[in-house]
Amino acid sequence: MTVRTRYAPSPTGDPHVGNIRTAIFAWALARANGGQFLVRVEDTDQNRLVPGSVGRIMESLRWLGIEWDEGPDVGGPHAPYVQSERLHLYRAAADQLIAARRAYRCFCTPERLDAMRAEQAAQKQPPGYDGLCRGITAAESEARGRAEKHVVRFAMRKEGQTALNDLVRGEVVFENRLQDDFVALKSDGFPTYHLALIVDDVDMRITHVLRGEEWLPSAPKHLQLYEALGHTPTLFAHLPLILGPDGKKLSKRTGDTALLDYRENGYLPEAMLSFLAMLGWSLDDKTSIIPPEELLRSFSIERVVSNPAVFDIQRLDYLNGHYIREMAPETWRATVAEWCERGLPDTVARPVNAEVIAAAAPLLQERTAKLSDIADTVAFLFGYEAPEYAPAVLVERAGGEAEAVRILDAALVTLDGLSEDGWTRDAIEAAIRGLEGELGLKLRKFIPVLYVAEQGKAQGLPLFDSMALLGRQRALQRLRTARAHLD
RNA sequence: GGCGCGUUCGUCUAGUGGCCCAGGACGCCGCCCUUUCAAGGCGGAGAUCAGGGGUUCGAAUCCCCUACGCGCUACCA
């Protein structure tokens, strides 16, 4: 049997990282088994459609390198892959169910349903459809169906139990008497998720359904639907939820939830993929960074855990830094250029000086965690003066105002002795190292003051390279400015 | 309220009856390297395996109960 999995998002906004994690698992499962992965758009709720969502969904997948064999854009043998274009299939299924008496037309108004629920709540009874329309005769149902607005409800079997053999959790048993006659076809002619999912998964020959744990309680609906329609159910794997640092479902309050926000904020797709893949799944007891090829070769549902995972941004940052350091020099340079273009202040001339970028890129590679930090780190290279800083930082770094003055004066005198032509990285280094004896201080003791003077802060790119890049005039000017701050 | 799922270092996880007085990674702390900051190397702290009962010669691993957390309970997915 060929494994066929799908990612079935609703176009109701930008895809959430939890959703994308599901897509990654489904994709990896298909690939690891030589099967197919497809994308299907579940746009059955006309009220919640958000224009542009489908594009953003596919963009999210592409960004991570996820490829699908069939989908709304590429088509495939089971096209169309958009549910709103498959309405006749759901209607046919609903008719089949009605004919088999496994579904019935329900003429209850929203008002009556509300009243019913209020009553149930007041009586402290579990909410659920009371079955009023379930007893309407076929003839009457047929007649009223032509004239009145109605929905089609699935008639759940109310005796016995429905058991799911979940690939992640093992057997989960549900009492049928607690099941509700859910709506399968809405009054606007669109199916609900429940009906559409079964019809499409059957038609598209899906073998494994991977979805979030929040779907577990609706599994009995799906199992009974399969049975009533006369099909063998797919295999199900309910994946653990991804939680925010507060232990609740990841939300805007505690961090970004949209996958593409991470791209905006300077994360690499490789880091994101590796990070998300390891949320709920692991290769073995040693591997903590997973290359895509390895994921696609080794993924298996057996190694998916059943407990929820907290989205740990620090771990993502670490992975991002790891992948940044792995980038080829030319690729990295292009990345630096891109993020400088978008991140540097408007006062910096565009296009941003390529020579400066080329010189700074190697220095940046080991000190960047997020691409969005790049502009801030190199900004000092683009102004005449250093970025603004509090003079107190100078004093603090020197360990006293008098010390700061002494250090700056000595540096000024020595460096001023270098000619324009002699202003090279190595010459600057030799000159500054020479200050050790003169000042009676170790290099590491006085050098932070120079960092502040040149870069506006005590940490940043290596000093000698920075000063060489700045050029004699600007570098010296910044020392003078620092010195002036202390008068 | 009902139903369901879950519970191993702060976090992600390894672990499926003896190899575990629990391994790895992030984070944290220290040392080394060093031009600050990083990166890198080395080392350390950190989990009575939620609690309580069983089963067994032996349990993180099997069973039961409790607690807590989370999810679901729509003509949303």
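Numbered from 1 within each chain, the chains take letters A, B, ... in sequence-line order.
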Looking only at the side chain of [X] (C-beta and beyond, no hydrogens), which of the listed nucleotides [options] gets closest?
{"X": "P462(A)", "options": "A39(B), U36(B), C72(B)", "answer": "U36(B)"}
{"X": "N307(A)", "options": "C76(B), G71(B), G6(B)", "answer": "G6(B)"}
{"X": "Q314(A)", "options": "A77(B), C5(B), C26(B)", "answer": "C26(B)"}
{"X": "P308(A)", "options": "U35(B), U11(B), G6(B)", "answer": "G6(B)"}
{"X": "K286(A)", "options": "U36(B), G23(B), A25(B)", "answer": "G23(B)"}
{"X": "P127(A)", "options": "G40(B), G6(B), U73(B)", "answer": "U73(B)"}
{"X": "E42(A)", "options": "U36(B), A77(B), G10(B)", "answer": "A77(B)"}
{"X": "L241(A)", "options": "A25(B), U36(B), G71(B)", "answer": "G71(B)"}
{"X": "R315(A)", "options": "A25(B), G71(B), C75(B)", "answer": "A25(B)"}
{"X": "V310(A)", "options": "U36(B), U13(B), U11(B)", "answer": "U11(B)"}

Aromatic ring pairing F107(A)/H150(A), orientation class (parallel under 30°, perpendicular over 60°, tilted between): tilted

For a quick check of understanding: with a heavy-atom distance under 4.0 Å over all strands, which category does [X] fall into, base, sugar-phosphate or nothing?
{"X": "S10(A)", "result": "sugar-phosphate"}
{"X": "P110(A)", "result": "base"}
{"X": "R444(A)", "result": "base"}
{"X": "L197(A)", "result": "nothing"}
{"X": "D317(A)", "result": "nothing"}

With rounding to the closest Å, how many angstrom separate the [atom1] atoms on [N] and [M]?
{"N": "C29(B)", "M": "A45(B)", "atom1": "P", "result": "16 Å"}
{"N": "C64(B)", "M": "G4(B)", "atom1": "P", "result": "13 Å"}
{"N": "C31(B)", "M": "C5(B)", "atom1": "C1'", "result": "46 Å"}
{"N": "C12(B)", "M": "C57(B)", "atom1": "P", "result": "37 Å"}
{"N": "G43(B)", "M": "A25(B)", "atom1": "P", "result": "11 Å"}
{"N": "C21(B)", "M": "C26(B)", "atom1": "C1'", "result": "25 Å"}
{"N": "G24(B)", "M": "A67(B)", "atom1": "C1'", "result": "31 Å"}
{"N": "U56(B)", "M": "C20(B)", "atom1": "P", "result": "26 Å"}

Would you say [X] places a side-chain N or O within less than 4.0 Å of OP1 or OP2 belonging to [N]?
{"X": "R397(A)", "N": "U35(B)", "value": "no"}
{"X": "R211(A)", "N": "A77(B)", "value": "no"}
{"X": "S288(A)", "N": "C12(B)", "value": "no"}
{"X": "R303(A)", "N": "G15(B)", "value": "yes"}
{"X": "S282(A)", "N": "A14(B)", "value": "yes"}
{"X": "K186(A)", "N": "A77(B)", "value": "yes"}

Interatomic distance, H194(A) NE2 vs A77(B) P [rounded to whole Å]: 7 Å

Separation of U73(B) P from E213(A) CD (nearest whole Å): 13 Å

Evaluation steps, side chain to side chain donor-acceptor pair (under 3.5 Å), between D200(A) and Y90(A): CA-CA 9 Å; D200(A) 287 345; Y90(A) 314 125; 2.7 Å; yes

Within-4.5 Å side-chain heavy-atom neighbours: W281(A) and I290(A): yes

Close side-chain approach of F311(A) to L276(A), heavy-atom, < 4.5 Å: yes

Let's test this: given Watson-Crick or G-U wobble pairing with both distances under 3.5 Å, identify the partner of [N].
{"N": "A74(B)", "answer": "none"}
{"N": "C19(B)", "answer": "none"}
{"N": "A25(B)", "answer": "U11(B)"}
{"N": "C68(B)", "answer": "G6(B)"}

Worked verdict on T22(A) versus N19(A) for side chain to side chain donor-acceptor pair (under 3.5 Å): CA-CA 5 Å; T22(A) 301; N19(A) 242 288; 5.6 Å; no

Per the atom types in the model, does the base of [N] pair as donor or acceptor with the side chain of [X] at under 3.5 Å?
{"X": "T192(A)", "N": "C75(B)", "result": "no"}
{"X": "R367(A)", "N": "C37(B)", "result": "yes"}
{"X": "R425(A)", "N": "U35(B)", "result": "yes"}

With a 3.5 Å cut-off and no angle check, do the side chains of [X] and [Y] form a donor-acceptor pair?
{"X": "D201(A)", "Y": "T234(A)", "value": "no"}
{"X": "R169(A)", "Y": "S306(A)", "value": "no"}
{"X": "D45(A)", "Y": "Y193(A)", "value": "no"}

Nearest-nucleotide comparison on RNA chain B, the residue closer to the 5′ end among Q83(A) and R177(A): R177(A)

Of R169(A) and L463(A), the one whose closest RNA chain B nucleotide lies more 5': R169(A)

Centroid distance under 5.5 Å and plane angle under 30°, Y318(A) vs C26(B): no

